[in-house]
Protein chains: 2
Amino acid sequence: MPFYAAPIVRLLEELERLPGIGPKSAQRLAFHILRADEQSAGRLADAIVDVKRSIHFCAQCFNFAEDDLCEICSDSKRDASIVCVVEEPRDVVAIERTGEFRGLYHVLQGAISPIDGIGPEQLRVRELVDRIGKGGIDELIVATDPNVEGETTALYVARLAKPLGVRVTRIASGLPVGGDLEYADEVTLGRALEARREM
Amino acid sequence: MPFYAAPIVRLLEELERLPGIGPKSAQRLAFHILRADEQSAGRLADAIVDVKRSIHFCAQCFNFAEDDLCEICSDSKRDASIVCVVEEPRDVVAIERTGEFRGLYHVLQGAISPIDGIGPEQLRVRELVDRIGKGGIDELIVATDPNVEGETTALYVARLAKPLGVRVTRIASGLPVGGDLEYADEVTLGRALEARREM
C-alpha cells in the first residue's frame, strides 16, 4: 500500500525535483501546502505559472526581464560605457546589492566547463562580442566566479574582447572582509599577497 | 530600484512563506523555476493546485484522504479494534513505514500547547471520544511525540478514554536503536532504565 494518496505523491515528486529539496524537505513543504488555506496555495501556484509566462531574457544583457529590455538596460541613468560580465542573473543581484556599480551587465548564462559539456558556444559570448562591436563600451569588468570555470571563462572573454579595443578588468580576489587570516585557504592568501596595494 | 522584476519578487515572497525556506533558498528555487522548461514549472503549479482540490481530511481518522475515508480506514484487512492516536498525518506515514502496525489511526491534528493557544477543543479529541463511543475499539495506542506537548496530550487522551472502557497504551521511550549510550541525554537514559525489561 502506498503511504500517500496519489495527488500527494505527485506533489512530493515535483517538489523533490527542486534543487536542495530532498524527501524530508519535500514532505515538510507538502504538508505545509496541505495545511495552508486554499488561497495561499493558489497564490504560490499562480506565482510559479506567472513567472514563467512573464519573465524572459533581456535582449541586450540576457538578465531576466519582464519587457524586451531588463530594468537595468532600459535605465537611461546607468553608464552604458562600462559593462560587468557575470555568469548568472543571481550575480547581477549580488553586484546590485553592493550599490557600487552604475554600469550595465552582460549575463553569460554559465561558465566554460568542458566536463559538463559547456563551451563558449553554449554561453552568451557571441552576443557579447556583437555588443562590443556596436561600440560605446569602454570597459569590461569580468566578474565571473573566482573558481576554475570562472577563471577560464574570464581568460576566454578577455582574449576575445581586448583585440576589439575595450579595456578588460577582473574583479579582485583576496581575503573576504571580516575574514580571519588564520582560516584563509592558501590560494586565497597567496592571491591576497600578490594583489597587495600601497597604503 | 528593485533588484528583481515584479513577478520574480512575487514568487520569492510566496516561496519564503514555506517552512524552512529563507531568502537564499527562495532565490535558489526561483532561479531553478526560471531556468526550468515551461512544462516542469507547470507540473509543479498543477500539483500544488491539485493537492489542495482533491485532498481533504478522512471523515473517520482525520488523516489526509482523497475520498470520504482514507485508504487505511477503508481497508477492510486492517484491524479496526486497535487505534493508534497520533498528532499529525506525517506521523501516520512514519508508523506505516515500520510495517509493524495493522490497526487504524486517529490524527489529532496537533498537540495540547497552552503557550500556542492550542487546547483539546482545537484538536480532534471530541471526534476520538465519539469514535470510541460507537464501540469496536479495544485498545488505543497513544503515539503522540515524547515531548512536553505530546506527553500532556497523551495524559489527557488517556484520562478521557479509560473511563470509556478501552485499554490505553503509550509507545515506549528509550534509547534509539543504533544510538550511543554515551551521547544519550539524561532524561532519555532515565526513561530507558525505568522501562527496562526482562531478557
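Within every chain, numbering begins at 1; the chains are lettered A, B, ... in the order of the sequence lines, protein sequences first and strands thereafter.
Shown here for B/Ile137 and B/Arg131, the closest heavy-atom pair between the two residues is CD1-O, 4.0 Å. Between A/Ala154 and A/Thr144, the shortest heavy-atom contact is CB-OG1, 3.6 Å. Nearest heavy atoms, A/Ala65 versus A/Phe57: CB-C, 4.4 Å.
For the pair A/Leu11 and B/Ile48, the minimum side-chain heavy-atom distance is below 4.5 Å.
Taking 4.5 Å as the heavy-atom cut-off, the residues of residues 101-115 of chain B that approach chain A are B/Gln109, ordered by number. Heavy-atom proximity under 4.5 angstrom to chain A picks out B/Glu14, B/Leu15, B/Arg17, B/Leu18, B/Pro19, B/Gly20, B/Ile21, B/Gln27, B/Arg28, B/Leu29, B/Phe31, B/His32, B/Ile33, B/Leu34 from residues 12-34 of chain B.
Interatomic distance, OH of B/Tyr156 versus CG of B/Leu123, reported as 9.0 Å (0.5 Å rounding). Between the CZ atom of A/Arg35 and the CZ atom of B/Phe64 there is a distance of 6.5 Å, given to the nearest 0.5 Å.
Both B/Ile118 and B/Val129 are part of a single hydrophobic cluster, where members link through side-chain heavy atoms under 4.5 Å apart.
With B/Cys58 as the fixed residue, the side chain to side chain contact (heavy atoms under 4.5 Å, CB included) test singles out one of B/Asp68, B/Asp67, B/Leu69, B/Ile72: B/Leu69. A side chain to side chain contact (heavy atoms under 4.5 Å, CB included) with B/Leu140 is found for one member of B/Ile132, B/Thr169, B/Leu164 and no other, namely B/Ile132.
The most heavy-atom pairs under 4.5 Å with chain A, out of B/Asp50, B/Ile55, B/Asp46, B/Val92, come from B/Ile55. Contacts with chain A were tallied for B/His56, B/Arg90, B/Arg53; B/Arg90 has the most, counting heavy-atom pairs under 4.5 Å. With respect to chain A, the highest number of heavy-atom pairs below 4.5 Å among B/Glu38, B/Glu66, B/Glu88 belongs to B/Glu66.
If you measure heavy-atom distances from B/Asp37 to chain A, the contacts under 4.5 Å come from the backbone alone.
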| request: Report the C-alpha separation of B/Val93 and B/Arg97 in whole Å, then their side-chain angles, then the decisive distance to 0.1 Å, and conclude whether the side-chain contact (heavy atoms from CB on, under 4.5 Å) test is met. | output: CA-CA 6 Å; B/Val93 177; B/Arg97 284 220 171 98; 3.8 Å; yes
